[in-house]
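Notes follow the structure.
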Amino acid sequence: MSAKIDFSKISFLVVDGDKISAQVVFDTLAYLGATHVQRVPNPQDAFQILRSQQIDVIVTEWRLRGMDGLEFLDSLRNSISSPNRFVPVIMLTAHSEEQYVTKARDLGITEFLAKPFNAKALYSRLVSVITRPRRFINTDTYFGPDRRRRQVSFDGPDRRDA
Amino acid sequence: MTDKKKKNVQIIPAQTELKRRTVNYAKGMDINLSPEQLMELEQVVQRSTDNFVRQIGSDLADTRQLVIDAVKDNGKSAIALQGCVDLAYSVKALGGTFQYPLMTQIAKSLETFILDRSTATKKQLLVMQLHIDALYVILASRVTGFGTTVEQATIAALAKLAERYGDPRA
């Protein structure tokens, strides 16, 4: 018997000003069995929901009107008024060049998905945030999921060792 | 490494509540989807293809008009550029998802051409218009996939034009 994910027990928040893109994510989540999916076009509306409801996973576009997805992520992870600093965030964007990925990673993104995407890629990111939660690292300059995703043996001293 | 630096790293254990609440062996979607399930999921995404064609078709017409207006009155080039920025991003983001990777390629070319511009000359506006026209032809003719050598030659020609008329960039 294979392990399953009960998507009906997860509340999603989709932040995307592009109606088609938001619809694709919504349809995909609905097909997977999600019943608690809310869509908002901008981070301001997202924060309103986050302050009043429990949200388990956020799927956000980078390019948004007003505050962009990166500023939204930064506020989520680093603002003292953040409603949930630990919430998993999947960022969808057509800005897929390396510098964008690095920037998002260094602000605490959980998963990054380059557009154009297919259903398989979106599903794999969802599975990852749900089934493989990562520890969080808190330093003077970073708060977010552990960026060391691969455990590679290393002979030198570990900077994190106390 | 100083002691102060060492103390500044806090490692917080992974939050496993979501996993415990949702992962089970009785109800839900298999974590490892079968090829058939993946195909069904892909079909769900493709359901929005008609909306994509309608929406982008409308955006192309609107943006084309903005560019034509700017060709006639260069004072409107900033508005045309903003329209092209929005259009290029949308098409680049979604074209490939709906089996129009050629549109994504052309949108990338358009995006590169207008990057960091706040104004455009008449010739540059015409290059933008050619990109929009090429996108429109692909959408109207429903050229899915990467097309034939003709389409690829068109993309190469657009890239050459973009390079030739790239300057001045302001």
Side-chain angles (χ1 to χ4, degrees), chain A residues 1-10 18-21 23-25 27-28 30-33 56-57 61 63 86-88 92-96 114-120 122-124 126-127 129-143 145-146 157-162, chain B residues 1 3 5-19 21-34 37-49 51-52 54-56 85-86 88-101 103-104 107-108 111:
Chain A
M1 195 181 290
S2 63
K4 299 174 188 296
I5 298 173
D6 184 354
F7 281 90
S8 70
K9 291 182 175 173
I10 306 171
D18 186 306
K19 284 181 188 165
I20 300 168
S21 176
Q23 186 67 45
V24 168
V25 176
D27 289 346
T28 304
Y31 172 81
L32 295 173
D56 297 311
V57 178
E61 166 60 64
R63 194 167 189 267
F86 296 93
V87 64
L92 306 178
T93 178
H95 295 317
S96 55
K115 288 179 172 178
F117 64 86
N118 58 26
K120 184 181 177 183
L122 177 57
Y123 189 68
S124 78
L126 291 167
V127 168
V129 301
I130 296 161
T131 67
R132 294 187 292 276
R134 281 143 62 195
R135 60 189 186 174
F136 266 61
I137 304 297
N138 187 15
T139 71
D140 290 342
T141 55
Y142 176 75
F143 181 86
D146 193 346
D158 189 335
R159 288 187 299 174
R160 288 180 187 163
D161 283 346
Chain B
M1 190 184 298
D3 284 344
K5 228 177 183 179
K6 287 174 187 170
K7 283 176 191 166
N8 283 343
V9 179
Q10 182 190 10
I11 297 174
I12 302 161
Q15 314 255 308
T16 55
E17 192 275 330
L18 180 61
K19 182 178 179 181
R21 192 183 351 136
T22 60
V23 177
N24 67 92
Y25 287 92
K27 186 185 173 195
M29 294 298 290
D30 290 346
I31 287 178
N32 298 308
L33 294 181
S34 66
Q37 287 173 308
L38 277 173
M39 203 182 292
E40 271 184 44
L41 194 57
E42 195 54 53
Q43 282 166 1
V44 170
V45 170
Q46 297 307 318
R47 273 187 219 154
S48 294
T49 302
N51 288 338
F52 167 77
R54 262 196 305 273
Q55 182 63 55
I56 295 298
V85 167
D86 293 341
Y89 187 85
S90 296
V91 177
K92 180 183 157 191
L94 291 169
T97 295
F98 296 112
Q99 315 305 323
Y100 288 99
M103 292 184 74
T104 289
K108 270 186 196 173
E111 188 182 54

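Each chain gets a letter, A, B and so on, in the order its sequence line appears, and its residues count up from 1.
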Could you measure the distance from the [atom1] atom of [X] to the [atom2] atom of [Y]? Nearest 0.5 Å is fine.
X      : Y       : atom1 : atom2 : answer
R21(B) : D6(A)   : CZ    : CG    : 10.0 Å
S96(A) : K108(B) : OG    : NZ    : 6.0 Å
K19(B) : I130(A) : NZ    : CD1   : 11.5 Å
M29(B) : Y31(A)  : CE    : OH    : 5.0 Å

Assess whether atom NZ of K9(A) is packed by more than 12 heavy atoms of other residues, nucleotides or ligands within 6.0 Å.
no
Contact class of V91(B) relative to chain A, heavy atoms under 4.5 angstrom
neither
Measure distances from A107(B) to the heavy atoms of chain A and classify the residue's part below 4.5 Å as side chain, backbone, both or neither.
neither
Quick check: does any side chain N or O of T139(A) sit under 3.5 Å from a backbone N or O of V9(B), one acting as donor and the other as acceptor?
no
Whether K92(B) side chain and A94(A) backbone form a donor-acceptor pair below 3.5 Å:
yes
Stepwise, does the side-chain contact (heavy atoms from CB on, under 4.5 Å) test hold for I12(B) with F143(A)?
CA-CA 10 Å; I12(B) 302 161; F143(A) 181 86; 3.9 Å; yes
Contact leader toward chain B among [options], where contacts are heavy-atom pairs under 4.5 Å:
options                         : value
N118(A), D27(A), D56(A), T28(A) : D56(A)
L32(A), L122(A), V127(A)        : L32(A)
R63(A), K115(A), K19(A), E61(A) : R63(A)

If you count heavy-atom pairs under 4.5 Å with chain A, which of [options] comes out on top?
options                        : result
N51(B), T104(B), L94(B)        : L94(B)
T16(B), N32(B), L33(B), L38(B) : L33(B)
Y89(B), F98(B), F52(B)         : Y89(B)

Is it the backbone or the side chain of [X] that comes under 4.5 Å from a heavy atom of chain B, or both, or neither?
X       : answer
D18(A)  : side chain
V25(A)  : neither
Y142(A) : neither
S8(A)   : side chain

Distance-only donor-acceptor check, side chains Q37(B) and Y123(A), under 3.5 Å:
no
Determine whether P133(A) and L18(B) make a side-chain contact, defined as any pair of heavy atoms from C-beta on separated by less than 4.5 Å.
no
Give me the atom names and distance for the closest heavy-atom approach of K120(A) to E42(B).
N-OE1, 4.3 Å
